Amino acid sequence: MSRGHAFPSGFIWGAATSAYQVEGYPLADGAGPSIWHRFAHTPGRVAGGATGDLACGHYHRFREDVALMAELGLSAYRFSIAWGRVLPDGRGRVNRKGLDFYLRLVDALLEHDIQPMVTLYHWDLPAALQERGGWLDPDSAVWFADYAQILFRALDDRVQAWVTINEPWVVAVLGHLEGVHAPGHRDAREAVRVMHHLLLAHAEACATYGALGRHQIGIALNLEPQHPASDSEADRAAADRRDAFINGWLLDPLFHGRYPEAMADIFGSAWPDFPSTEIDRIRCPADFLGVNYYSRGWVRDDPAVQPTGAARIERPNAPVTAMGWEVYPRGLTEILLRLKTQYGNPPVYITENGAAFEDSAPTAGRVEDPRRVAYLREHIGAAGAAIQAGADLRGYFVWSLLDNFEWAEGYAKRFGLFRVDPSDQSRLPKASAECYKDIIASHGAGL
Ligand SMILES: CO[C@H](O)c1c[n+]2c([nH]1)[C@H](O)[C@@H](O)[C@H](O)[C@H]2CO
């Protein structure tokens with residue numbers, strides 16, 4: 001990669017969060033509980049018994065946070081809407097106070113010339129819908145499209161970029177196969193049907209938006225290159241299986257109108273014969289693809305690992321984040337160029353990229369986080385290399401603006417550009433915030 005390139009004019013520099021992770025007060029002003037509110041309040045599910053009851057207090061502090069975004073020079077902010085704030089029962093009655101919070105947030109962003117990118121679903125399904133079967137219910141696609149339509153009508157005059165669903169893979173696999181995320185199910189037959197219904201829900205929301213929307217809509221996928229830990233045929237085949245399981249399971253139906261053949265091998269009798277009419281519907285004309293990139297998989301053949309028979313292992317002496325994920329910026333370039341060569345070079349936003357590290361204690365009103373500074377510089381440089389090689393990359397969102405509720409890890413894993421002090425929820429800039437501000441000001445030159 002030649003150095004010193006600048007990013008194209010109009011390139012979007014943003015930061016990302018999600019409702020349950022930052023807002024707090026999940027039941028305020030008539031909101032209905034979500035499955036993550038229920039899950040976090042179930043003993044043993046979240047590290048340290050942490051919940052999103054307070055989180056970062058963004059529900060009340062959002063103007064302060066928008067001011068932090070403006071200080072960074074962000075041109076966009078990606079956040080999610082808590083379905084249960086708007087529709088406490090998931091369907092039917094609209095909770096006006098819940099909708100008004102998001103209207104106020106969007107207006108505050110626009111007052112600072114920050115474009116909102118709104119994620120309609122970031123894992124916090126209304127508990128009332130889970131009681132009806134949740135994403136396992138074939139009607140879930142209709143529930144979601146009806147919810148989406150309410151938001152499109154209320155906000156599409158001010159929101160120019162919509163993300164339907166954040167990481168269907170995590171919802172299906174961590175929530176319904178491995179059981180470590182809400183709703184905590186462990187059933188392969190469920191997981192494959194939940195994935196299918198999530199993709200149908202995405203398609204229904206895109207169709208709804210196509211009828212009334214004026215801007216752009218997409219989906220955000222966690223994509224991760226899979227590399228064999230050795231050049232043995234067994235490890236190469238294992239990497240291919242894990243690639244289908246994590247990447248192809250979504251990219252192929254969305255862009256090619258078919259599931260990878262490997263899925264039937266991976267899931268065996270749990271894999272149904274999905275109707276071709278439904279798979280055709282999933283191949284919907286979205287306007288962009290959101291890519292959440294964090295690392296790569298280093299893969300060894302291991303029959304004991306279900307359902308892929310492929311183990312993601314630590315590469316010896318590899319640099320890793322506090323999550324145990326290898327720091328591998330070249331994987332971002334690889335993913336972006338694969339989208340160019342194999343999936344029609346769609347418009348792409350990096351909707352999440354960031355890292356948790358064991359940050360040092362604050363000194364003189366700031367947190368020194370050199371490893372996160374290096375991570376951001378290396379990965380933004382890797383994104384620039386993909387642009388130079390022809391990827392249609394439109395923007396980059398750091399995960400995350402704030403240290404926040406990291407799902408089953410609670411608050412122990414800190415991804416923020418700003419440290420949030422758990423005692424008083426005060427925000428403190430990290431060196432990475434200053435670094436990102438400089439990158440934005442220079443438009444990525446020199447990376
Ligand atoms: C393999 O990581 C996934 O792509 C991923 C990482 N992350 C995510 N997805 C989620 O979208 C965020 O809510 C998490 O807070 C964030 C950090 O863990």
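Side chains included, hydrogens not; waters and symmetry mates left out as well; all remaining heavy atoms used. Please read all numbers here as calculations on a predicted model, not as lab measurements. Counting begins at 1 with the first residue of the sequence.
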Can you name the side-chain contact (heavy atoms from CB on, under 4.5 Å) partners of A15, sequence neighbours left out?
L74, L401

Could D369 and R419 be called an ion pair, given the rule that one side-chain N must be under 4.0 Å from one carboxylate O?
no

Considering only NZ, NE, NH1 and NH2 on the basic side and carboxylate oxygens on the acidic side, decide whether R296 and E334 come within less than 4.0 Å.
no

From the options F288, F79, F152, select the one residue that forms a ring-ring contact (aromatic ring centres under 6.0 Å, His included) with W162.
F152

Minimal heavy-atom distance between A286 and G218, with the atoms involved, is CB-CA, 4.2 Å

Should R91 and D139 count as an ion pair when the cut-off is N to O under 4.0 Å?
no

Tell me whether the count of non-hydrogen atoms from other residues, nucleotides or ligands lying under 6.0 Å of CZ in R315 goes above 12.
yes

Got a sec, which residues hit side-chain contact (heavy atoms from CB on, under 4.5 Å) with A67, two or more places apart in sequence or on another chain?
none

Less than 6.0 angstrom from the centroid, inside 45 degrees of the normal: does R85 satisfy that with respect to the ring of Y59?
yes

Pairing of R281 and E204 as salt bridge, 4.0 angstrom limit:
yes

With a distance cut-off below 6.0 Å to the six-membered ring centre and an angular limit of 45° from the axis, does R78 pair with F397 as a cation-pi contact?
no

With a 3.5 Å distance limit and no angle check, can you tell me whether Y209 reaches the backbone of H215 through a side-chain donor-acceptor pair?
yes

Locate the shortest heavy-atom distance separating S18 from W407; write the atom from each residue and the value.
OG-CZ2, 3.8 Å

